[in-house]
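Here is the structure we will look at.
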2 protein chains.
Amino acid sequence: MSKTATKIPACSECDNKDNIFCTLTPEQTEMISENKGSNFYKKGQAVFYEGNQSHGLFCIHKGKVKLSKLGENGKEQVIRFAKTGNILGYRSLFSNEPYQATATVLEDSYICHLSKEKYTDIMKENSKLSWKTMQLLSKDLKSAEQHLINIAQKTVKERIAEALQLLHTTFGFLEDGKTLSIMLTRSEIADIAGTTTETTIRTLAILCKENAIELEGKRIIIPNISVLTKISGLYD
Amino acid sequence: MSKTATKIPACSECDNKDNIFCTLTPEQTEMISENKGSNFYKKGQAVFYEGNQSHGLFCIHKGKVKLSKLGENGKEQVIRFAKTGNILGYRSLFSNEPYQATATVLEDSYICHLSKEKYTDIMKENSKLSWKTMQLLSKDLKSAEQHLINIAQKTVKERIAEALQLLHTTFGFLEDGKTLSIMLTRSEIADIAGTTTETTIRTLAILCKENAIELEGKRIIIPNISVLTKISGLYD
DNA sequence: GTCAAAATATGATTAATGTCATGATTTTAA
DNA sequence: TTAAAATCATGACATTAATCATATTTTGAC
């Protein structure tokens with residue numbers, strides 16, 4: 001876990017405005033700002049590991065992160081993604097359990113850290129933060145359940161199409177408005193859809209042949225997202 | 001949704017003691033007691049439906065409930081179970097979204113109902129209830145993610161073995177200490193494990209042949225739970 | 001720039017599971 | 001009590017996707 005000098009500003013200067021901390025008073029913002037730690041993470045580095053003791057929560061100042069768990073056979077399953085402004089590791093706030101997933105940085109990122117205690121202190125005096133936290137948990141639960149039903153009932157092709165849509169809704173497109181702004185390996189895409197690397201390669205080729213996507217190495221271009229939506233939703 | 005005269009006591013007299021309401025003051029308990037509604041549900045009846053407007057949350061006074069969602073192909077997926085003392089529908093508290101799942105009663109049950117407003121009013125003045133609610137959400141999220149990885153990575157046999165264990169940990173055994181106290185159809189078990197009815201029938205027969213379980217119609221006997229644990233956890 | 005390692009690609013084969021069909025058994029309701 | 005409906009059971013077959021093998025291409029470190 002490398003630490004280098006970063007240019008992360010005080011929380012009051014941070015422009016991640018629509019996140020969970022937006023309801024804090026200036027004093028509370030100042031308090032977390034004084035107590036936070038900031039780190040730089042290089043692509044591929046882990047922020048925390050599944051099973052490790054939780055020491056607090058993380059806020060992504062700028063970056064992209066995947067959360068994954070290992071199955072009993074050692075295969076990875078991607079649970080969720082997080083991006084600039086999102087927080088990580090907040091689930092361990094409510095129990096003394098270790099982290100339930102491993103957070104891995106998908107591209108060079110700046111991430112702040114706040115201790116459990118500071119966060120819960122603020123929650124105690126700011127019911128809006130509690131409320132926001134519950135909404136966040138509730139939202140994550142909803143998507144986990146949706147992901148479950150997708151993996152349980154859809155074909156690989158539908159799941160891959162859905163995985164690409166998830167990457168789009170989470171990380172968006174590049175400036176050209178059609179190229180996914182995140183580049184993953186085929187194996188990482190497989191770990192989202194719950195399939196193998198080979199099947200993912202073949203399925204992406206099929207989607208390409210059907211003009212649902214275009215492939216330029218790891219770059220994935222989605223000219224028309226509704227084509228993917230159709231593929232992911234229907235049994236043909 | 002039938003309503004009949006029930007013998008549900010006031011909340012202060014209710015002996016579901018280890019649930020989310022155990023931190024309430026006597027006044028708060030009195031307040032929810034006065035505002036609750038109580039209903040009797042016959043086996044098979046729905047408490048609420050996925051997609052319907054949420055009007056509040058439910059507390060199972062006595063009974064067994066399954067929560068399920070419909071996939072896009074119309075196939076049901078069981079998300080979670082709930083039993084005496086558990087609450088249902090609390091997720092819709094944090095957003096104005098409709099219920100995300102259908103709650104169906106697995107055996108005749110008595111279930112109370114409390115409006116969103118009363119619950120959130122109490123949360124505002126009782127931070128312990130907020131805390132408990134967050135713990136509950138967090139626990140549900142954890143098991144949803146575990147369920148996801150199981151369905152994504154395990155074989156049908158392992159998933160069925162795991163489903164039986166879930167039924168055991170949720171609902172327990174009959175007085176004999178080895179017969180599951182819940183009786184589901186093969187099709188309902190299939191909907192937990194994310195497989196088909198036929199495959200479930202065959203797999204249960206295999207587990208039976210391997211002496212992991214005994215079958216007496218819908219009655220499932222698990223003489224030694226650790227045998228199932230072993231089957232559900234390992235790739236052979 | 002070169003080389004090794006990682007990632008991509010593709011084919012052949014196999015295993016797991018879904019689908020369809022049919023009959024037996026159990027449950028439910030009149 | 002009995003008939004209808006639902007559930008359970010089993011076989012045959014089809015299909016999907018995993019596995020194994022082997023090139024080829026890309027990437028990253030020196």
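In what follows, chains carry the letters A, B, and so on, assigned in the order in which the sequence lines appear, proteins first and then strands, with residues in each chain numbered from 1. Just so we're clear, the structure is a prediction, and the values are computed from it rather than from any experiment.
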> Is it true that A/Glu97 and B/Lys142 have a side-chain N and a carboxylate O under 4.0 angstrom from each other?
Replying inline: yes
> Do the rings of B/Tyr110 and B/Phe40 sit parallel, tilted or perpendicular, given the 30° and 60° boundaries?
Replying inline: tilted
> Which word best sums up how the rings of B/Phe171 and B/Phe81 line up, parallel for under 30°, tilted for 30 to 60°, or perpendicular for over 60°?
Replying inline: perpendicular
> Would you say B/Ser115's side chain and B/Gly56's backbone share a donor-acceptor pair under 3.5 angstrom?
Replying inline: no
> Whole Å only: how far is the CD atom of A/Glu216 from the P atom of C/dT8?
Replying inline: 15 Å
> Rounding to a whole Å, what distance do you find between B/Lys157:NZ and C/dA16:P?
Replying inline: 10 Å
>> If I take atom CD1 in residue B/Ile201 and atom C1' in nucleotide C/dG23, what distance separates them, rounded to the nearest angstrom?
In response: 13 Å
> Pick from B/Thr203, B/Thr196, B/Thr197: which one makes a side chain to side chain donor-acceptor pair (under 3.5 Å) with B/Thr199?
Replying inline: B/Thr196
> In whole angstrom, what separates B/Arg186's CZ from C/dT25's P?
Replying inline: 15 Å
>> Can you tell whether the side chains of A/Glu107 and A/Lys43 come within less than 4.0 Å, N to carboxylate O?
In response: no
>> Nearest whole Å is fine: how far is C/dT8 P from A/Ile220 CD1?
In response: 10 Å
> In whole angstrom, what separates B/Ile160's CD1 from C/dT17's P?
Replying inline: 10 Å
> Do any N or O atoms from the side chain of B/Lys154 and from the backbone of B/Ser232 form a donor-acceptor pair under 3.5 angstrom?
Replying inline: yes
>> Does A/Leu70 form a side-chain contact (heavy atoms from CB on, under 4.5 Å) with A/Glu50? I'd like the steps, not just the answer.
In response: CA-CA 8 Å; A/Leu70 284 182; A/Glu50 178 180 3; 4.1 Å; yes
>> Please evaluate residues B/Gln100 and B/Ser92 with respect to the criterion side chain to side chain donor-acceptor pair (under 3.5 Å), reporting the C-alpha separation (whole Å), side-chain torsions for both, the decisive distance (0.1 Å), and the verdict.
In response: CA-CA 8 Å; B/Gln100 296 298 316; B/Ser92 310; over 6 Å; no
>> Go nucleotide by nucleotide along DNA chain D from the 5' end; which of A/Gly194 and B/Ala205 gets its closest nucleotide reached first?
In response: B/Ala205
> Rounded to whole angstrom units, what separation is found between the NZ atom of A/Lys75 and the P atom of D/dA17?
Replying inline: 14 Å
>> Need the bend value for the helix from C/dG1-D/dC30 to C/dA30-D/dT1: angle between end axes, 5 pairs each end, nearest 10°.
In response: 60°
> Counting side-chain heavy atoms from C-beta on, which of D/dA17, C/dT8, C/dT19 comes nearest to B/Thr196?
Replying inline: C/dT19
>> From CD of A/Glu158 over to C1' of D/dT15, roughly how many Å is that when rounded to an integer?
In response: 14 Å
>> Protein within reach of the bases, or only the backbone? For nucleotides 21-30 of chain D, mark each nucleotide 5' to 3' as B, S or -, using heavy atoms under 4.0 Å.
In response: ----------
> Starting at the 5' end of DNA chain D and moving along, which residue's nearest nucleotide shows up first, A/Thr199 or B/Thr197?
Replying inline: B/Thr197
